[in-house]
Engineer: 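Please find one structure pasted underneath; my questions will follow.
Just so we're clear, the structure is a prediction, and the values are computed from it rather than from any experiment. Counting starts at 1 for both ligands and their atoms, following the listed order.
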Amino acid sequence: MPPDLAPARSLAPSLALFCKVVDNYGDIGICWRLARQLQQEHGVAVTLWVDDLASFRRICPAVAPDAERQQLDGVAVRHWRGQDGAYTPADIADIVIEFFACDIPDGYIAAMAQCTPRPVWLNLEGLTAEEWVEGCHTLPSPHPRLPLTKHFFFPGFTAKTGGLLREAALEQQRAQFQSDPAAMAAFLAQLGLAPAEIEAFKVTLFCYPHAPVRELFDAWQAGAEAVACLVPEGVAADAVQAFLGTEPVAGAVATRGALTVRVLPFVAQPDYDRLLWAGDVNFVRGEDSFVRAQWAGKPFVWHIYPQDDNLHHKKLRAFLQRYAGGLDSLSACSLHWNGAALTPSDWPQLWLSLRAALPDISARAAAWQHEMDGHGDLAANLLRFAAASR
Ligand code: TRH
């Protein structure tokens, strides 16, 4: 830990993180990851308030879906049932984080205003590679009535942002796993893969339903190389069912031509990392799996979360500009995968070009990791900012 982080431990003994699950698993995925890291690496006493325990349980099977309060991996988890409730200053944490501008209860805010000193209040925003983020990171937003100031905290890809979530031991765990083919094979076998699938070129597929999955399956099926496509249960369900000819439940598998599609159980977060480490190419989506794919050091194709008026295409291009300069096949594949290309999609050709460029794309993945490392990790950056704000 850098020496200038040391005071954060004593200045930030408690932290409340409020998470509203808007959609899918990324909201709770990010908050759960951050909560654990703050507790485990920095000794912060974290309370995670979350409104949807069922979604939480899919990425963390230890979650009890009916519990008002539970302790998980050293984190106090509270079921956030609504905006009502009475709070006193004794209930308020030293650092209060609202994720994605979710409205925290009025009573909690009123009690925050009564604290001495006042808590550090942050709005942890979504990840984007757009340049404007640098100007907005850490900007203050005074409360209209109460003596409180909230600050924006943006994750990001440059030194003028909060950086990316990354656990201190992650790189070592990944290196160990990837240098141990027996462990990797055992892990994949445990997920149900047959030896031929473990030997094949492995693609993990996590995307939104509108991705052109059928076209990609057609290209792989007609290709010369054996491809094992591993799809978590519930993902691209229509295309997977059409390929399998059966319900796409965990364990379902079919081979046509060169392609085997296998439905995997949804796994706990640490196992999803292992899956990405074992993949030869990873298709990821949203925010958290997108970042994990970057730490996996493997080539990846990102399906960005769709927004109105195709705002997400701008964000996709901003990322590709930072990441994929000189890697035309990766840019082309990414734009076509997201429906953002200006030309018709020729998936056999797009895939062949990407496949041929994998050594260059892998080299870029390693250089990118190194570059991102230089910005520190989001949890440490956040604590450093909080300590300086108190
Ligand atoms: O699930 P996502 O699409 O989530 C989000 C949310 O929709 C959110 O509202 C939106 O703002 C955001 O995307 C951009 O994709 P994401 O972010 O990749 O989150 C998935 C989480 O699920 C991530 O923490 C990894 C985890 N996961 C597992 O733990 N096991 C699995 O088997 C899989 C496939 C994923």
Engineer: Suppose I only count heavy atoms of N24 and a 4.0 Å limit; which atoms of ligand 1 are within that range?
Structural biologist: 1 (O), 2 (P), 3 (O), 4 (O), 7 (O)
Engineer: Can you pull out the closest protein heavy atom to atom 3 (O) of ligand 1? Residue, atom name and distance to 0.1 Å, please.
Structural biologist: Y208 OH, 2.6 Å
Engineer: For atom 23 (C) of ligand 1, what is the nearest protein heavy atom, given as residue, atom name and distance?
Structural biologist: D288 OD2, 3.2 Å
Engineer: Is the shortest N/O to N/O distance between E287 and ligand 1 below 3.5 Å?
Structural biologist: yes
Engineer: Based purely on interatomic distance, does F100 place a nitrogen or oxygen under 3.5 Å from a nitrogen or oxygen of ligand 1?
Structural biologist: no
Engineer: By number and element, which atoms of ligand 1 are closer than 4.0 Å to a non-hydrogen atom of G29?
Structural biologist: 24 (O)
Engineer: What distance separates Q176 CD from W277 CH2, expressed to the nearest 0.5 Å?
Structural biologist: 9.0 Å
Engineer: May I ask you to check whether F283 and W337 place their ring centres under 6.0 Å from each other?
Structural biologist: yes
Engineer: Is there a donor-acceptor pair under 3.5 Å between the side chain of R118 and the backbone N or O of P147?
Structural biologist: yes
Engineer: Check ligand 1 against G286 and write out every atom of the ligand that is under 4.0 Å from a heavy-atom position of the residue.
Structural biologist: 13 (O), 14 (C), 15 (O), 17 (O)
Engineer: Looking only at protein heavy atoms, which one is nearest to atom 18 (O) of ligand 1, and what is the separation?
Structural biologist: S289 OG, 2.6 Å
Engineer: Can you tell me if R364 and Y323 form a side-chain donor-acceptor pair at under 3.5 Å?
Structural biologist: no
Engineer: Have a look at D23, V21, D273 and point out the one with the heavy atom closest to atom 7 (O) of ligand 1.
Structural biologist: D23
Engineer: Filter on salt bridge (Lys or Arg N to Asp or Glu O under 4.0 Å), then keep only pairs touching residues 178-193, sequence neighbours left out; what's left?
Structural biologist: none
Engineer: Please verify whether a non-hydrogen atom of W32 lies at under 4.0 Å from ligand 1.
Structural biologist: no
Engineer: Is ligand 1 under 4.0 Å from a heavy atom in the side chain of Y25, in the backbone, in both, or in neither?
Structural biologist: both
Engineer: Evaluate K315 against E131 for salt bridge (charged side-chain N to carboxylate O under 4.0 Å, His left out), listing each step before the verdict.
Structural biologist: CA-CA 10 Å; K315 294 184 175 178; E131 268 173 33; over 6 Å; no
Engineer: Would you say the rings of Y305 and Y208 are close, in the sense that their centroids are separated by under 6.0 Å?
Structural biologist: yes
Engineer: Tell me the nearest of Y272, F206, F290 to atom 20 (C) of ligand 1, using heavy-atom distances.
Structural biologist: F206
Engineer: Would V261 and F217 satisfy side chain to side chain contact (heavy atoms under 4.5 Å, CB included), going step by step from the backbone distance to the final call?
Structural biologist: CA-CA 9 Å; V261 173; F217 280 0; 3.9 Å; yes
Engineer: Give a yes or no on whether the backbone of S334 and the side-chain of N338 come within a donor-acceptor separation of less than 3.5 Å.
Structural biologist: yes
Engineer: Return yes when atom CG of D106 has more than 12 non-hydrogen atoms of other residues, nucleotides or ligands closer than 6.0 Å, and no otherwise.
Structural biologist: no
Engineer: What protein heavy atom sits nearest atom 26 (C) of ligand 1, and how far off is it?
Structural biologist: I59 CG2, 3.7 Å
Engineer: Among all protein heavy atoms in this structure, tell me which lies nearest to atom 32 (O) of ligand 1, with the distance rounded to 0.1 Å.
Structural biologist: V267 N, 3.0 Å
Engineer: Within a reach of under 6.0 Å around CD of Q173, are more than 12 heavy atoms found that belong to other residues, nucleotides or ligands?
Structural biologist: yes
Engineer: Could you check atom 19 (O) of ligand 1 against the protein and tell me its nearest heavy-atom contact, residue, atom and distance included?
Structural biologist: G26 CA, 3.1 Å
Engineer: Does the residue A268 have a heavy-atom contact with ligand 1, meaning some pair of atoms that are separated by less than 4.0 Å?
Structural biologist: yes
Engineer: Please evaluate residues F206 and H303 with respect to the criterion side chain to side chain contact (heavy atoms under 4.5 Å, CB included), reporting the C-alpha separation (whole Å), side-chain torsions for both, the decisive distance (0.1 Å), and the verdict.
Structural biologist: CA-CA 8 Å; F206 189 39; H303 205 211; over 6 Å; no
Engineer: Considering only heavy atoms of P232, which atoms of ligand 1 have at least one such atom less than 4.0 Å away?
Structural biologist: 34 (C)
Engineer: Report the part of F266 (side chain from C-beta onward, or backbone N, CA, C, O) that has a heavy atom under 4.0 Å from ligand 1; answer both or neither where that applies.
Structural biologist: both
Engineer: Quick one: look up the protein heavy atom nearest atom 2 (P) of ligand 1 and list residue, atom name and how far away it is.
Structural biologist: R285 NE, 3.4 Å
Engineer: Give me the residue, atom name and distance of the protein heavy atom closest to atom 9 (O) of ligand 1.
Structural biologist: D27 OD2, 3.0 Å
